[in-house]
Undergrad: 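Below is a structure I'd like to ask you about.
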Amino acid sequence: MKNKYDYLELQKKWEKKWKNAKIYQPDLDSAKKPYYVLYMFPYPSAEGLHVGHAFSGTGADVYARFMRMKGYDVFHPMGFDAFGIHSENYALKINDHPKNLIDRATKHFRQQFDSLGFSYDWSHTVNTSSPDYYKWTQWLFIQLFKAGLAEKKKALVNWCPSCKTVLADEQVVSGKNVGMTHHSVYARDEDERLRVCERCGTAVEYRELEQWFFKITKYADRLLEGLDRIDWTEKVKLAQRNWIGRKEGSLIRFSVLGSQFSANSQSASLLTGQLKTDQPNSDNRQQKTDTPEFIEVFTTRPDTNFGATFIALAPEHRLALKLTTPQNKDKVSKYIERSKKKTEQERMEEGREKTGIFSGSYAINDLTGEKMPIWISDFVLMEFGTGAVVGVPGHDKRDFQFAQKFGLPIKRVVVGKDGDTSPIASIEQVQEEEGKMINSGFLNGLDIKDAIKAMMDHLEAKGFGKREVTYHLRDWLISRQRYWGAPIPMVYCSNCANRGDSWFTTSKPKSHHREISNFKFQISNSAHKMRGWFPVPEEDLPVVLPYIENFKPLGTGVAPLAQDKKFVNTKCPVCHGPAKRETDVCDTFLDSAWYFLRYLATESDKIPFPSKAFASENSENSDIQRQSDSQTIRQSDSTEFSESSGMVKRTRFLPINMYIGGAEHSVLHLLYSRFVTKVLFDLKFLDFDEPFTKFRAHGLLIKDGAKMSKSRGNVVNPDNYIQRFGSDTLRCYLMFIGPFSQGGDFRDSGMEGMERFLKRVRKLIESNLASAIGQPQAKKNQSDKSSAKFSANSKIEKSINRAIKRVGEDVENLRYNTALAKIMELVNDLNESKANIAPKHLKTFVILLAPFAPYLSEELWEKLQSSVFSSQFSESGKSFDQLTGKQKTVKPKSDNRQQRTDNRSVHLQPWPSFDESSLSEEEATVAVQVNGRLRSQLTIDSSQLTNKELVKQKARNDQKVSKYLKGQQVRKVIYVPGKIINFVV
RNA sequence: GGGCGAGUGGCGGAAUGGUAUACGCGGUAGUCUCAAAAACUACUAGUCGCAAGGCUGUGUGGGUUCGACUCCCUCCUCGCCCACCA
């Protein structure tokens, strides 16, 4: 009797053999059919992998194994996203150093991955916190800087007081979903929202700081356009579209009444010095065009402008105070001060109640000539549009609330479907979506859609405004005032700054980068802003992150690295005078924005990833390359070799064929990766501009009806289940639990069912083997003679063929739950059959199971190979070890490389093909309906299925059917061959 | 408030215009056993009926169709994402 602990021995045995035989390591340079399957790498948390990772990782692994069996050279690597706040925060919590923590955690993760039977190629792995990785992260930063896409500027940014660092917009989330109990100080109702830190759940504040940004907004339109060319889970594409948030509207300029505010730049700059003046997305548009005589607003609904009754400015707006009349100055500055100091928490307490204050000034609505009071209110966001809005209370609910509260006039200019033309007195009457224009001069009678166009034209013709596109997307805030990240590889030289010099003014493009002339962006854009800044020379990379014992964030807006004088003080690369290093580190999302490229070149410390751009480089690089690669690549192949200085052949693995991961990365990792890829494409390092040809989001596992989370305490660790059931059972169970794209409900009871199934599988194979070995001759004679056995065998053949087809189709589409159901059906069919099953059929069956249960399949495959029974059917009885795909001693000729024989691992077997003709049935069951209701079923010979008259006659004669047809007039007969016949009476 | 998705037996789920509930879990009965476990066999949507057989049934109400879980419209519920976005 086999006991449960067999599983673990089995796993150990095959893990070792697989590793020695390198069956999961494709030859990256000479692969014939390269195929890159990638599963998002995890950040190695101290808790280890949870069962959700096991679920999604298994799904990716099944796919990789399937494609491998389909004949592709599958590259399926794994690594660790080991830098970042998450690791650092945990290290702080347990009072350890992140370096130690990561070393421990990655070991644990590796062991867990292996025990799940994942077919990763561990000869190519990455750890983003290792200097040989982040050297290239820094290199990437420098490429962006040189292209004018990285910029340090003062900005109002999100600040997490707990993590003591700034955060990108994407990393600020709605507090509702963050179940951090220790932050329950911010007790809040269901509907209340709080902008909180994605990592720790603390409410974020605004601070104005000097920060590094990547100009991702320059790519907004291309990031949108690219979505149409890639095969991704639709909802993730949608999330990106929404995040980019492209909106077309009009920029309208309103003139301010009166001349008492003639330009006084002194006071203007006083104010802007303290407020957000350099909005990433704005390109200083409003600063240049807004003068005290004019206010610019952005609106997507210019059609409603006949109904405009006021103007509202954000408190941070540079004209807010400037436009305020002397008698209102005190009140207004108080209001502005209060708004600035307001924390998110205080805003919560105020709820959605609108606040605001009148500036005392008026603007003119050029359309009507009417005076519109200018108000200051914090419901207007400085971050969006121009930081000023035109209030149309009749057709915008927020404007309505504001107007109602402060007694501003409300005008109706749209009539909706309900035909209501009465004055708008309640918020329910505010028509925002549809209708026809009234009280709007030349627009009257137009549908709002046409009116929008007409008004845009009108505004442009009259010079009141122009068409404008805005985006929700902000520039990517890349710097972090933390320790555990890649140091930003920049040096600031105050001497050069005083002279007005920067890298852009001092570098001769050629001497710094051979490709500089290809840069798409005008370097001069950045030149005047980046005075004093120089990238660390690329040959000096990496800028090593020094080991700092006390790495705690300081909370002063200065990074911990600033404490390390040895690190900070350096020489200017240009004037060689004293200079200072940047002490901020890179956002973790920069590490993960390009890791998929690195996997392909982990052997090289000369190039970051395979690229033709590196291949044509001068000979010194390829010499170095030759040395490092010479152990593995034959000396004679010198031509092939010099080409491979850029590992050019490996580029055939790019872009990623199949990427699998969580939908929670929709607007973070997946957007950043696309951006970085597009930049590298523009810089001619890559010849594709979308990194992931196909992306599929996996679903979430839930437990007891709730999402698994630490705070709920319902996180399941896969280790216990591997111990108890073995990972084959766990893998199959996870894949069977529900559709891969939707996830499922994790319950122990289902695991036992899957264990039973795999036991039945083992029994099926072993009993067939046993009986065959016992009496091979007798059986053979029998089956030849007995017609019953013959028909049983043809039935088996049919079942097998059907299974090959259906399982293959399901796996291809990641429908693993139904694929397994079909494998189960096959087992049921095979068990029902009383005849012994031919070895080729058993083999086929084991192959179908292999992607799901790699250990058991391999074990059974070995048994099928080595048995006396089997040796009659295969050419050779040699063992797995001798005949794996990758022999260590003799390099196989390339012709033979792809050769697959039965004697190799089951995981290197070709996926079976099926015989279409054997799928056809001799007879079919046709359902008979009367008026669409099922009344009977007929068994019809296949050859007669196309004969409608015959089927009709048979159906009519059927006893059950005739009962219903008696005395009725048949008006119509619908026949779907082989499926259904319907009498309409 | 906006967007997206989903609602099917006791449970997880199958079926995307053609015989609803595949596959599995759970349950009931039986075989084996001194007994239990395991394994195996049969049944398992509800309802009326001894049975044959009938009727009802995919969140709600309507529509299209010979025929609807599937397509269209109304409403309800749940989940996820986004949100004072002008």
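Each chain gets a letter, A, B and so on, in the order the sequences are listed, and its residues count up from 1.
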Undergrad: What is the separation between atom NZ on A:Lys235 and atom P on B:A6, rounded to the nearest whole Å?
TA: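 Rounding to the nearest Å, NZ of A:Lys235 and P of B:A6 are 10 Å apart.
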Undergrad: Remember a base hit wins even if backbone is also touched, and classify A:Asn828 as base, sugar-phosphate or nothing at under 4.0 Å, heavy atoms.
TA: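 The residue A:Asn828 makes sugar-phosphate contact but no base contact.
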Undergrad: Measuring only the P atom in each nucleotide, how far is B:C23 from B:U41? A whole number of Å is fine.
TA: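 Rounded to whole Å, the distance is 13 Å.
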Undergrad: Which of these nucleotides, B:C55, B:A86, B:G13, is closest to any side-chain atom of A:Asn817?
TA: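 Output: B:G13.
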Undergrad: What is the distance from CZ of A:Arg806 to C1' of B:C23, rounded to the nearest Å?
TA: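 To the nearest whole Å, that distance equals 10 Å.
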Undergrad: If I pick the P atom on B:G7 and the same atom on B:A15, what distance separates them, to the nearest angstrom?
TA: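 The answer is 11 Å between these two P atoms.
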Undergrad: If you look only at pairs with a residue in residues 973-985 of chain A, which of them pass as a side-chain hydrogen bond (donor to acceptor under 3.5 Å, both in side chains), with sequence neighbours excluded?
TA: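 Listed once each, the pairs would be none.
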Undergrad: What's the gap between B:C32 and B:C40 when it is taken at their C1' atoms, as a whole Å value?
TA: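 About 9 Å, rounded to a whole number of Å.
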Undergrad: Between B:A83 and B:G9, how far apart are the two C1' atoms, rounded to whole Å?
TA: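 Here B:A83 and B:G9 have their C1' atoms 40 Å from each other.
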Undergrad: What's the spacing between A:Lys952 NZ and A:Ile974 CD1 if we round to 0.5 Å?
TA: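 A:Lys952 NZ to A:Ile974 CD1: 11.0 Å, rounded to 0.5 Å.
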Undergrad: Pull out every residue in residues 236-246 of chain A that has a heavy atom closer than 4.0 Å to any atom of RNA chain B, ordered by number, or say none.
TA: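 Result for residues 236-246 of chain A: A:Leu238, A:Trp243, sorted by number.
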Undergrad: Sticking with atom C1', work out how far B:C78 lies from B:G26, rounded to a whole angstrom.
TA: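 B:C78 and B:G26 have their C1' atoms separated by 25 Å.
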Undergrad: For A:Phe379, is the NZ or CZ atom of A:Arg398 found under 6.0 angstrom from the centre of its six-membered ring and inside 45 degrees of the ring axis?
TA: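 No.
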Undergrad: As a test of understanding, state which of A:Tyr721, A:Tyr816, A:Phe746, A:Phe757 forms a ring pair (Phe, Tyr, Trp, His ring centres under 6.0 Å) with A:Tyr733.
TA: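 For A:Tyr733, the ring pair (Phe, Tyr, Trp, His ring centres under 6.0 Å) check succeeds only for A:Phe746.
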Undergrad: Determine the contact category for A:Val380: base if any of its heavy atoms lies under 4.0 Å from a base atom, sugar-phosphate if only primed atoms, P, OP1 or OP2 are that close, otherwise nothing.
TA: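 A:Val380: base contact, heavy atoms under 4.0 Å.
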Undergrad: Identify the nucleotide, in any strand shown, that forms a Watson-Crick or G-U wobble pair with B:A42, with both distances under 3.5 Å; if there is none, say none.
TA: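 Partner of B:A42: B:U28.
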Undergrad: With 3.5 Å as the limit, what N/O pairs link the protein to nucleotides 47-54 of chain B?
TA:
unit_1: B:G54; atom_1: OP1; unit_2: A:Tyr964; atom_2: OH; d: 3.1

Undergrad: Taking atom P in both B:C84 and B:G17, what distance in whole Å separates the two?
TA: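 Result for the P pair: 41 Å, nearest Å.
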Undergrad: Taking atom P in both B:G24 and B:C72, what distance in whole Å separates the two?
TA: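 Their P atoms lie roughly 33 Å apart.
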Undergrad: Where do N or O atoms of nucleotides 9-11 of chain B meet protein N or O atoms at under 3.5 Å, pair by pair?
TA:
unit_1: B:C11; atom_1: O2'; unit_2: A:Arg747; atom_2: NH1; d: 2.8

Undergrad: Give each protein N/O atom lying under 3.5 Å from an N/O atom of nucleotides 40-45 of chain B, with the pair distance.
TA:
none

Undergrad: Tell me the interatomic distance from A:Phe740, atom CZ, to B:A14, atom P, rounded to whole angstroms.
TA: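 Rounded to the whole Å, the gap is 15 Å.
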Undergrad: Just the table, please: protein N/O against nucleotides 66-70 of chain B N/O, every pair under 3.5 Å.
TA:
unit_1: B:C66; atom_1: O2'; unit_2: A:Asn982; atom_2: ND2; d: 3.4
unit_1: B:C66; atom_1: O2; unit_2: A:Asn982; atom_2: ND2; d: 2.5

Undergrad: Regarding A:Lys247, tell me which of base, sugar-phosphate or nothing describes its non-hydrogen contacts under 4.0 Å with the strands shown.
TA: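 A:Lys247: backbone/sugar contact only, no base atoms under 4.0 Å.
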Undergrad: If the P atom of B:C43 is compared with that of B:A22, how far apart are they to the nearest Å?
TA: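 Comparing P positions in B:C43 and B:A22 gives a spacing of 12 Å.
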Undergrad: Is it the case that over 12 heavy atoms from other parts of the model lie below 6.0 angstrom from the CZ atom of A:Arg246?
TA: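 For A:Arg246, atom CZ is crowded (more than 12 foreign heavy atoms under 6.0 Å).
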Undergrad: Enter syn or anti for the glycosidic conformation of B:G9, syn applying to angles within 90° of 0.
TA: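 It is syn.
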